[in-house]
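It should be emphasised that the depicted structure is a prediction, and the values quoted were computed from it without experimental measurement.
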Amino acid sequence: MSFLELKNITKIYPNGTKAVNETSLNIEHGEFMVFVGPSGCGKSTLLRMIAGLEDITGGEIDLDGKTINKIDPSERDIAMVFQNYALYPHMNVYKNLAYGLKNKGESKEEINKKVNDVAELLEIHEYLQRKPGQLSGGQRQRVAMGRAIVRNPKVFLFDEPLSNLDAQLRGQVRIEIKKLQRSMNVTSVFVTHDQVEAMTLGDRLAVINNGIIEQIGTPIEVYETPKTLFVAEFIGTPKMNFINGKIKNQKFVAGKTEVSSNNLPDNDEAILGFRPEDLIVDNNGKFLLNVEIIEKLGADSLIYGTDQNQNLLCLRVNGNTKINVNEKINLSVSEDKYHFFDATNNIRLN
């Protein structure tokens, strides 16, 4: 039995919108699970149902062997960190951290000890007498995390907590969250639309699209072997290159391009995918790229252009690579880096 189990969870709103569709998922004790997907895919709705902030239309949620569907949110032993911090502006940091413990009836001595321990852990001790309005975004997010940590819950839920931070601070707080989760070994569920956050934070990812989990796996599994066209397109920056064609006699054919791959079923509507970083400049390569745009990013450069069939392609190369706009270059891809999908149902073929 897993620590947190979602069994055929469904959410249908009064207007008929099905935000979550019969979703099942097992999360182990101490695991860091990330729900990742585009805006409106149902990931935050699913998180809020775990927290008890959204009613469940169908299915069951079990936590530590107990069904919690009808248990009040305050009794679920779950702490949530929101995107907008959700701090009390009229209370100083100490009182914000102590508020939940005070409501539980804990003694002043115990509250003081827990608040100070968490303040030391998050390095916010010097801010305890300040109000949220006197803090930076990163400091307020630490306070919001501290308010969750001080309760010592069974599960942490994070609803896009880094969205309001600038890029540099987002990276810093992301590392802090990972280190905290590791040291505390608390089961955590993190919602984000940012695949970089998902890949760097999660022990496993649940990639969600239109209320359905399309794939569950480690970040490397999802990146290297996407099960659907959506997962292949969503995970990875820049996104995977795609070429439409057909498969016959274990050969993919698209116009003037032909590549072979073992154990491929015949398919009249197939899609070949390969990642920009898997393309190699090769004089004997099967893909001829007419270079149109070059983005120099420092360590890397992104080369954009069209192939001999007018497909848009992107190539990632070392920043020192000498390639010029309007140059024509040949590219190749190792066979084990090909991804084939059925264009009808978008399911992986290899």
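- The cluster map of Ile, Leu, Val, Met, Phe, Trp and Tyr, joined by side-chain heavy atoms under 4.5 Å apart, puts Ile303 and Ile280 in different clusters.
- Checked by atom type, the side-chain pair Tyr338/Asp278 shows no donor-acceptor distance below 3.5 Å.
- Between Arg76 and Asp64 there is no salt bridge, since none of the side-chain N atoms of the basic residue sits less than 4.0 Å from a carboxylate O of the acidic one.
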**Request:** Starting from the C-alpha separation in whole Å, work towards a yes-or-no answer on side chain to side chain contact (heavy atoms under 4.5 Å, CB included) for Phe230 and Asn210.
**Result:** CA-CA 11 Å; Phe230 170 80; Asn210 291 327; over 6 Å; no

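- Of all non-hydrogen atoms in Ile247 and Pro265, the two that sit nearest each other are CG2-O, 3.3 Å.
- Of all heavy-atom pairs spanning Asn26 and Ser2, the tightest one is CB-OG, 3.1 Å.
- Among residues at least two apart or in separate chains, ring-ring contact (aromatic ring centres under 6.0 Å, His included) pairs with a member in residues 95-129 are Tyr88-Tyr99.
- In Asn185, the CG atom is crowded: over 12 heavy atoms of neighbouring residues, nucleotides or ligands sit closer than 6.0 Å.
- Lys178 contributes a side-chain N or O that, together with a main-chain N or O of Leu201, makes up a donor-acceptor pair within less than 3.5 Å.
- Atom CD1 of Ile329 and atom CD1 of Ile323 lie 4.0 Å apart (nearest 0.5 Å).
- For residues 113-130, the pairs satisfying salt bridge (charged side-chain N to carboxylate O under 4.0 Å, His left out) are Glu106-Lys114, Lys113-Asp117, with sequence neighbours left out.
- Aromatic ring pairs are classed by plane angle as parallel below 30°, tilted from 30° to 60° and perpendicular above 60°; the pair His29 and Phe3 is perpendicular.
- Note that CG of Asn263 and CG of Leu349 are 12.0 Å apart. Values are rounded to the nearest 0.5 Å.
- Nearest heavy-atom pair, Thr306 versus Glu292, reported as atom, atom and distance to 0.1 Å: OG1-OE2, 3.2 Å.
- Salt bridge absent: Arg174 and Glu197 never bring a charged side-chain N and a carboxylate O closer than 4.0 Å.
- Results of the side chain to side chain contact (heavy atoms under 4.5 Å, CB included) test with Arg147 over Val93, Leu97, Val81 single out Leu97 as the only residue that passes.
- Side-chain atoms of Thr57 come within 3.5 Å of backbone N or O of Ile12 as a donor-acceptor pair.
- Nearest heavy atoms, Ala270 versus Phe252: O-CE1, 3.9 Å.
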Between side-chain atoms of residues 37-45 and protein atoms elsewhere (two or more places apart, or another chain), which donor-acceptor pairs fall under 3.5 Å?
from	atom 1	to	atom 2	distance (Å)
Lys43	NZ	Gly37	O	3.0
Lys43	NZ	Pro38	O	3.0
Ser44	OG	Asp159	OD1	3.0

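- If you chain together hydrophobic residues whose side chains sit under 4.5 Å apart, Ile213 and Phe341 never meet in one group.
- Note that CD of Glu110 and NZ of Lys104 are 10.0 Å apart. Values are rounded to the nearest 0.5 Å.
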**Message:** Show, in sequence, the C-alpha distance, side-chain angles and deciding distance for Ser74 and Asp72, and conclude whether the side-chain hydrogen bond (donor to acceptor under 3.5 Å, both in side chains) test is met.
**Reply:** CA-CA 5 Å; Ser74 62; Asp72 189 84; 2.5 Å; yes

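- Considering only residues two or more places apart in sequence or on other chains, Lys95 meets the salt bridge (Lys or Arg N to Asp or Glu O under 4.0 Å) condition with none of them.
- Side chain to side chain, Thr17 and Asn15 meet the donor-acceptor criterion of an N or O pair below 3.5 Å.
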List the atom pairs, with distances to 0.1 Å, where a side-chain N or O of residues 218-227 and a protein N or O form a donor-acceptor pair under 3.5 Å, not counting sequence neighbours.
from	atom 1	to	atom 2	distance (Å)
Thr218	OG1	Glu221	N	3.1
Glu221	OE1	Thr218	N	3.0
Tyr223	OH	Glu277	OE2	2.1

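- Phe274 and Phe234 are assigned to two separate hydrophobic clusters, defined by single-linkage of ILVMFWY side chains at heavy-atom distances under 4.5 Å.
- The backbone N or O of Lys131 lies less than 3.5 Å from a partner atom in the side chain of Gln134, making a donor-acceptor pair.
- When all heavy atoms are compared, the tightest approach of Met49 to Asp55 is SD-O, 3.8 Å.
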**Step-by-step side chain to side chain contact (heavy atoms under 4.5 Å, CB included) determination, Ile149 to Leu122** = CA-CA 10 Å; Ile149 292 168; Leu122 295 172; 4.2 Å; yes

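- In this structure, Asn103 places its CG atom where more than 12 heavy-atom neighbours from other residues, nucleotides or ligands lie under 6.0 Å away.
- In this structure, the separation between CG on Asn116 and CG on Leu121 is 12.5 Å, given to the nearest 0.5 Å.
- Under the 3.5 Å distance criterion, with hydrogens and angles disregarded, no donor-acceptor pair is assigned to the side chains of Thr228 and Gln215.
- Atoms CZ and CG, on Arg170 and Asn164 in that order, are 10.0 Å from each other to the nearest 0.5 Å.
- For the atom pair OG1 (Thr344) and CG (Leu229), the distance works out to 11.5 Å, reported to the nearest 0.5 Å.
- Leu279 is connected to Phe340 through a chain of hydrophobic side-chain contacts under 4.5 Å among Ile, Leu, Val, Met, Phe, Trp and Tyr, so both are in one cluster.
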**Prompt:** Run the side chain to side chain contact (heavy atoms under 4.5 Å, CB included) check on Tyr94 and Asn112 step by step: do they pass?
**Reply:** CA-CA 9 Å; Tyr94 183 97; Asn112 193 58; 2.9 Å; yes

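- The side-chain hydrogen bond (donor to acceptor under 3.5 Å, both in side chains) test applied to Asn69 returns no partner, not counting sequence neighbours.
- Without hydrogens or angle criteria, Asp203 side chain to Phe32 main chain gives a donor-acceptor distance under 3.5 Å.
- Tracing side-chain contacts under 4.5 Å through hydrophobic residues (I, L, V, M, F, W, Y), one never reaches Ile235 starting from Ile212; they form parts of separate clusters.
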**Message:** Let's go through Gln308 and Thr257 carefully: what are the C-alpha distance in whole Å and the side-chain angles of both, what is the deciding distance for side chain to side chain contact (heavy atoms under 4.5 Å, CB included) to 0.1 Å, and is it a yes or a no?
**Reply:** CA-CA 8 Å; Gln308 59 267 46; Thr257 303; 3.3 Å; yes

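- Applying side chain to side chain contact (heavy atoms under 4.5 Å, CB included) to Leu4 and the options Ile27, Asp62, Ile78 leaves one that passes, Ile27.
- Gly137 approaches Leu169 most closely through the heavy-atom pair C-CD2, 4.4 Å.
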